[in-house]
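Inspection log for the structure reproduced underneath, given as structure tokens.
Just so it is clear: chains get the letters A, B, ... in the order the sequence lines come, proteins before strands, and each one is counted from 1.
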2 protein chains.
Amino acid sequence: MSNLQKQAEEMIRRRGERVTSSRVQILAMLLAEQRAVTHHEIEERLRNTHRLDRVTLYRVLEWLNDKCFVHKVVSDDRAWRFRANTHIYPHQHAHFECMRCTTVICLDEMKVEYDRPLPAGYRSQEIELTVKGLCAECT
Amino acid sequence: MSNLQKQAEEMIRRRGERVTSSRVQILAMLLAEQRAVTHHEIEERLRNTHRLDRVTLYRVLEWLNDKCFVHKVVSDDRAWRFRANTHIYPHQHAHFECMRCTTVICLDEMKVEYDRPLPAGYRSQEIELTVKGLCAECT
DNA sequence: GCTGAATTGCAACAAAGTTGCATCTACTAT
DNA sequence: ATAGTAGATGCAACTTTGTTGCAATTCAGC
Ligand SMILES: [Mn+2]
Ligand SMILES: [Mn+2]
Ligand SMILES: [Zn+2]
Ligand SMILES: [Zn+2]
């Protein structure tokens with residue numbers, strides 16, 4: 001069992017949640033990854049090491065998100081992308097989306113704010129900021 | 001023929017593009033609307049007055065977007081929403097998305113900026129800012 | 001009115017995600 | 001250690017949103 005797998009298992013157990021092999025494998029994979037990755041990429045990556053139904057993957061990802069182990073981002077190709085949370089209390093941060101290769105990264109440094117007032121009766125709860133452009137590979 | 005329909009037809013003709021009844025009906029509908037509306041809502045709205053295949057609707061919406069008559073926004077429910085452009089040269093602006101009823105409005109007033117630097121080699125081309133919360137109806 | 005290119009309708013397809021239900025498994029209580 | 005149970009998983013079927021190929025129709029210029 002790899003270090004990341006042990007770490008993933010420990011994270012889940014410490015929160016009093018049920019430890020299953022799918023959860024551990026998926027979270028470990030996400031912990032290793034710098035980018036935000038799609039359902040499809042995760043499936044591909046785990047194919048050889050771990051048998052996993054795609055519905056289970058959807059359900060585990062939703063569960064990881066609900067439990068704040070990961071967060072997800074939607075982008076222009078209409079697919080969710082997932083990334084392990086680096087902070088226990090995830091802070092709002094911006095994302096970068098490459099318009100050519102669709103890579104998504106988190107801009108953890110970038111605090112997101114806005115000041116202008118909303119129309120009467122509207123309340124803000126979250127802010128999402130996406131910078132689009134070309135990544136280092138695609139420039 | 002309503003005023004908006006005349007206006008829509010005139011907008012298309014003045015740009016030297018082919019005027020078709022689908023384009024006129026759809027653009028007129030969008031000109032009347034304050035919110036950003038989905039494919040589905042447009043279809044529903046035009047059902048009684050104008051026979052229209054859903055593929056044609058997709059194609060006309062894409063065409064209207066390409067020609068800058070409208071712009072589109074993707075939101076958490078993974079459906080594109082369309083709104084007629086109020087300025088001829090559309091400026092970047094933020095959007096508000098209601099987390100309960102999924103309504104999307106344009107925050108035309110809100111200029112979008114960001115300052116923090118990107119990772120080395122990354123280039124920014126557009127910025128998208130979405131404020132999420134509760135709309136006036138859902139508060 | 002005729003003509004050619006652009007637009008439309010229809011059927012089939014595709015990607016991404018969801019639902020229902022039977023089976024299996026991780027944790028708890030004994 | 002064993003058994004019971006709530007929760008997790010696998011599988012098949014389904015849904016939603018959007019796309020593609022192609023033949024038939026329509027628009028704009030002559
Ligand atoms: Mn992120
Ligand atoms: Mn807008
Ligand atoms: Zn790229
Ligand atoms: Zn609302």
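- Protein atom CG of Leu57(A) is 10 Å distant from nucleotide atom P of dG17(C), rounded to whole Å.
- Listed pair Thr20(B) / dT7(C) fails the phosphate criterion, with no side-chain N or O lying under 4.0 Å from OP1 or OP2.
- Across all strands shown, Ser22(B) has heavy atoms under 4.0 Å from sugar-phosphate atoms exclusively, and none from any base.
- Between Leu52(A) atom CG and dT9(D) atom P the separation is 8 Å, expressed in whole Å.
- Along DNA chain D, the nucleotide nearest Glu17(B) and the nucleotide nearest Glu17(A) are compared for position; the residue whose nucleotide lies closer to the 5' end is Glu17(A).
- Separating the CD1 atom of Ile12(A) from the C1' atom of dA26(C) is a distance of 13 Å, rounded to the nearest angstrom.
- Rounded to an integer number of Å, the gap from Leu61(B) CG to dT7(C) P is 15 Å.
- When distances run from any side-chain atom of Arg59(B) to the nucleotides dT8(C), dA5(C), dG10(D), the shortest one goes to dT8(C).
- Atom P of nucleotide dT25(C) and atom CZ of Arg51(A) are separated by 10 Å, given to the nearest angstrom.
- With salt bridges taken as basic N to acidic carboxylate O contacts below 4.0 Å, none links Arg23(A) and Glu17(A).
- One atom, CD of Glu9(B), and another, C1' of dA28(D), lie 13 Å apart when rounded to the nearest Å.
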Close N or O pairs between protein and nucleotides 16-19 of chain D (under 3.5 Å):
from	atom 1	to	atom 2	distance (Å)
dT17(D)	O3'	Arg78(A)	NH1	3.2
dG18(D)	OP1	Trp80(B)	N	2.8
dG18(D)	OP2	Tyr58(B)	OH	3.2
dG18(D)	N7	Arg54(B)	NH1	3.4
dG18(D)	N7	Arg54(B)	NH2	3.2
dG18(D)	O6	Arg54(B)	NH2	2.6

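- Among dA28(D), dC27(C), dG9(C), the nucleotide with an atom closest to any side-chain atom of Arg18(A) is dC27(C).
- Looking at Leu107(B) and His93(B), their side chains never come closer than 4.5 Å, going by heavy atoms from C-beta outward.
- Of the options Glu62(B), His39(B), His40(B), a side chain to side chain contact (heavy atoms under 4.5 Å, CB included) to Leu57(B) is made by His39(B) and by none of the others.
- Atom pair Asp76(B):CG and dG17(C):C1' shows a separation of 14 Å (rounding to whole Å applied).
- Within the 4.5 Å cutoff, the side chain of Val70(A) has no heavy atoms near those of the Leu61(A) side chain.
- With salt bridges taken as basic N to acidic carboxylate O contacts below 4.0 Å, none links Glu43(B) and Arg54(B).
- Atom P of nucleotide dG17(C) and atom CG of Asn65(A) are separated by 12 Å, given to the nearest angstrom.
- Two residues are said to be in side-chain contact when any heavy atoms from C-beta on lie closer than 4.5 Å; Val131(B) and Tyr122(A) fail this criterion.
- With Phe69(A) as the aromatic partner, Arg15(A) meets the cation-pi criteria of under 6.0 angstrom to the ring centre and within 45 degrees of the ring axis.
- Contact annotation for Arg23(A): backbone-only contact, meaning every heavy-atom pair under 4.0 Å involves sugar-phosphate atoms and none involves a base.
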